[in-house]
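None of these values were measured; they are calculated from a predicted model.
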Amino acid sequence: MKGDLQMRVTALHDEAAGIRRVRLEPVDGGALPAFSGGAHVVVAMQDGGVTRRNPYSLCCDPDDRTGYEIAVARAATSRGGSAFIHERLAVGDVLVVGAPTNLFSPDWRAKKHIMVAGGIGITPFVAMMAQFARAGLAFELHYAVRSRAAAAFAGVLQDRYGPRVKIYAADEGARLPLAALVENQPLGTHLYTCGPERLMGAVLDTARNAGWPEQALHSEHFMAPPPGDPFTVTLAESGREVAVGPDQSLLEALEAAGVNPRYLCRGGVCGECATKVVEFRGTILHADHFLTPEERAESRTIMICMSRFSGDRLVLNL
């Protein structure tokens, strides 16, 4: 895509149990495009004959324009991206990295920022906190993990920010005090959450039940496309048929066939890949976080990065 960067792996570090940090620096040198806390990049990885493109939050200081850093958890049910990074990626390898995109930007008007992370959901907050601290803003991080051994960045963040960083390790019996977190906060406080869907849902529901306005609530959803039965999609502009495998997203199948639709997040959040449904006989299996319930019921649009289809005919405006 336009703005793609050729970047070399210059360091690999096991940040915590099952979490690998990757530093990427531009092949040609020079300053990288600027980004702000909460931004992500899409990394393209050549894994044999398959190109895997996954979004990862940037977890480095936005003031460092010499390189980007991502941290990737070793997923037990990896579709290929995390396994590639943990098992095959080596220092010196060159990857294609998209320009940074931010769908989880802090609201800089906020009087206070409260961040709630779970597991690998810590990554966007590393960059955010660097900016908050430089700007002299009030902030807190509440970080839920299985164990301290699995708490990526915990030590360095506590060293930098002291009591503003609180760790809750499940194996120590610690639990996030969600009700207490959302009570009696100053007017103008904003709440950010990233991590497992269950955790984010609990954080947001607790805040809403306590009367927090929607504009003060922020979450980041990076989910892998769900597997399912294979199906075939017909492209209206050419009449061409493209087969979608059980472990492919529609977007991935189209890319493999040489079609390059627009995208940004590849996680069903941003709306960039929204595609008009010309005709279908069957059921569109929506799996995004962008369409409204009414739009899902109408099924006139599909988010091709996440959603699937079950039926005998699907025609898209491509």
Side-chain angles (χ1 to χ4, degrees), residues 15-21 37-41 54-60 69-79 81-82 85 102-106 113-130 132 139-158 161 164-182 189-209 212 216-226 265-270 287-289 306:
E15 191 65 39
I19 297 178
R20 176 156 291 185
R21 176 162 51 89
H40 74 272
V41 292
N54 288 358
Y56 298 108
S57 295
L58 290 169
C59 58
C60 45
E69 294 184 10
I70 61 174
V72 182
R74 180 66 165 96
T77 56
S78 171
R79 298 174 69 248
S82 76
I85 286 173
N102 202 334
L103 305 174
F104 191 46
S105 180
H113 305 269
I114 298 177
M115 295 158 282
V116 181
I120 195 61
I122 186 63
T123 51
F125 297 133
V126 177
M128 279 191 196
M129 284 189 284
F132 292 157
F139 67 89
E140 300 172 6
L141 171 70
H142 299 267
Y143 184 14
V145 292
R146 295 190 308 276
S147 66
R148 290 185 184 271
F153 303 103
V156 68
L157 294 177
Q158 287 185 314
Y161 308 120
R164 289 179 286 184
V165 174
K166 296 175 175 60
I167 310 296
Y168 306 86
D171 66 347
E172 298 172 2
R175 295 175 61 87
L176 279 166
L178 293 182
L181 287 184
V182 300
T189 300
H190 280 237
L191 179 66
Y192 309 82
T193 183
C194 184
E197 289 290 308
R198 184 175 177 182
L199 169 72
M200 292 194 294
V203 172
L204 297 175
D205 286 346
T206 302
R208 290 180 181 121
N209 291 338
W212 284 57
L217 303 178
H218 312 270
S219 59
E220 182 174 56
H221 301 265
F222 275 159
M223 298 178 64
C265 73
R266 301 181 78 92
V269 176
C270 69
D288 62 275
H289 293 277
M306 288 293 290

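To the nearest 0.5 Å, the span separating OG1 on Thr193 from CG on Leu199 amounts to 4.5 Å. Separation of atoms CD (Glu220) and CE (Met200) is listed at 8.0 Å; rounding is to 0.5 Å. Residue Ile70 holds its CD1 atom at 10.0 Å from OG of Ser57, rounded to the nearest 0.5 Å. Annotation: the span from Cys194 atom SG to His218 atom NE2 amounts to 13.5 Å, rounded to 0.5 Å. A distance of 7.5 Å separates OG1 of Thr123 from CZ of Phe153, quoted to the nearest 0.5 Å. Taken to the nearest 0.5 Å, the CD atom of Glu69 stands 15.5 Å off from the OH atom of Tyr56.
When all heavy atoms of Ala71 and Ile120 are compared, the pair lying nearest together is O-CD1, 3.7 Å. In terms of heavy-atom proximity, Ala150 sits nearest to Tyr143 at O-OH, 4.3 Å. Smallest separation of non-hydrogen atoms from Ala127 and Cys60: CB-O, 3.3 Å. Residues Leu191 and Trp212 approach most closely at CB-CZ3, 3.6 Å, considering heavy atoms. Contact record, Met306 with Arg266: SD-O, 4.2 Å, taken as the closest heavy-atom pair. Nearest heavy atoms, Leu176 versus Ala144: CD1-CB, 3.7 Å.
A search for ring pair (Phe, Tyr, Trp, His ring centres under 6.0 Å) contacts involving His289 returns His221, not counting sequence neighbours. Residues that satisfy the side-chain hydrogen bond (donor to acceptor under 3.5 Å, both in side chains) test with Glu140, not counting sequence neighbours, are Lys112, His142.
Between Leu141 and the choices Val165, Ile114, Val126, Val116, the side chain to side chain contact (heavy atoms under 4.5 Å, CB included) rule is met once, by Val165.
The closest side-chain heavy-atom distance from Ile19 to Val72 is not below 4.5 Å. Looking only at side-chain heavy atoms (C-beta outward), Arg164 and Met129 stay at 4.5 Å or farther from each other. Using a 4.5 Å cut-off on side-chain heavy atoms (C-beta onward), Asn54 and Ile85 make no contact. Counting only heavy atoms from C-beta outward, the side chains of Cys265 and His40 approach each other to under 4.5 Å. In this structure the side chain of Ile167 never reaches within 4.5 angstrom of the side chain of Leu157, judged on heavy atoms.
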*Go through the steps to decide whether Val269 and Asp288 satisfy the test side chain to side chain contact (heavy atoms under 4.5 Å, CB included), and finish with yes or no.*
CA-CA 6 Å; Val269 176; Asp288 62 275; over 6 Å; no

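For Arg146, the CZ atom is loosely surrounded, since the number of other residues' heavy atoms within 6.0 Å does not exceed 12.
Aromatic ring centres of Tyr161 and Phe132: separated by at least 6.0 Å.
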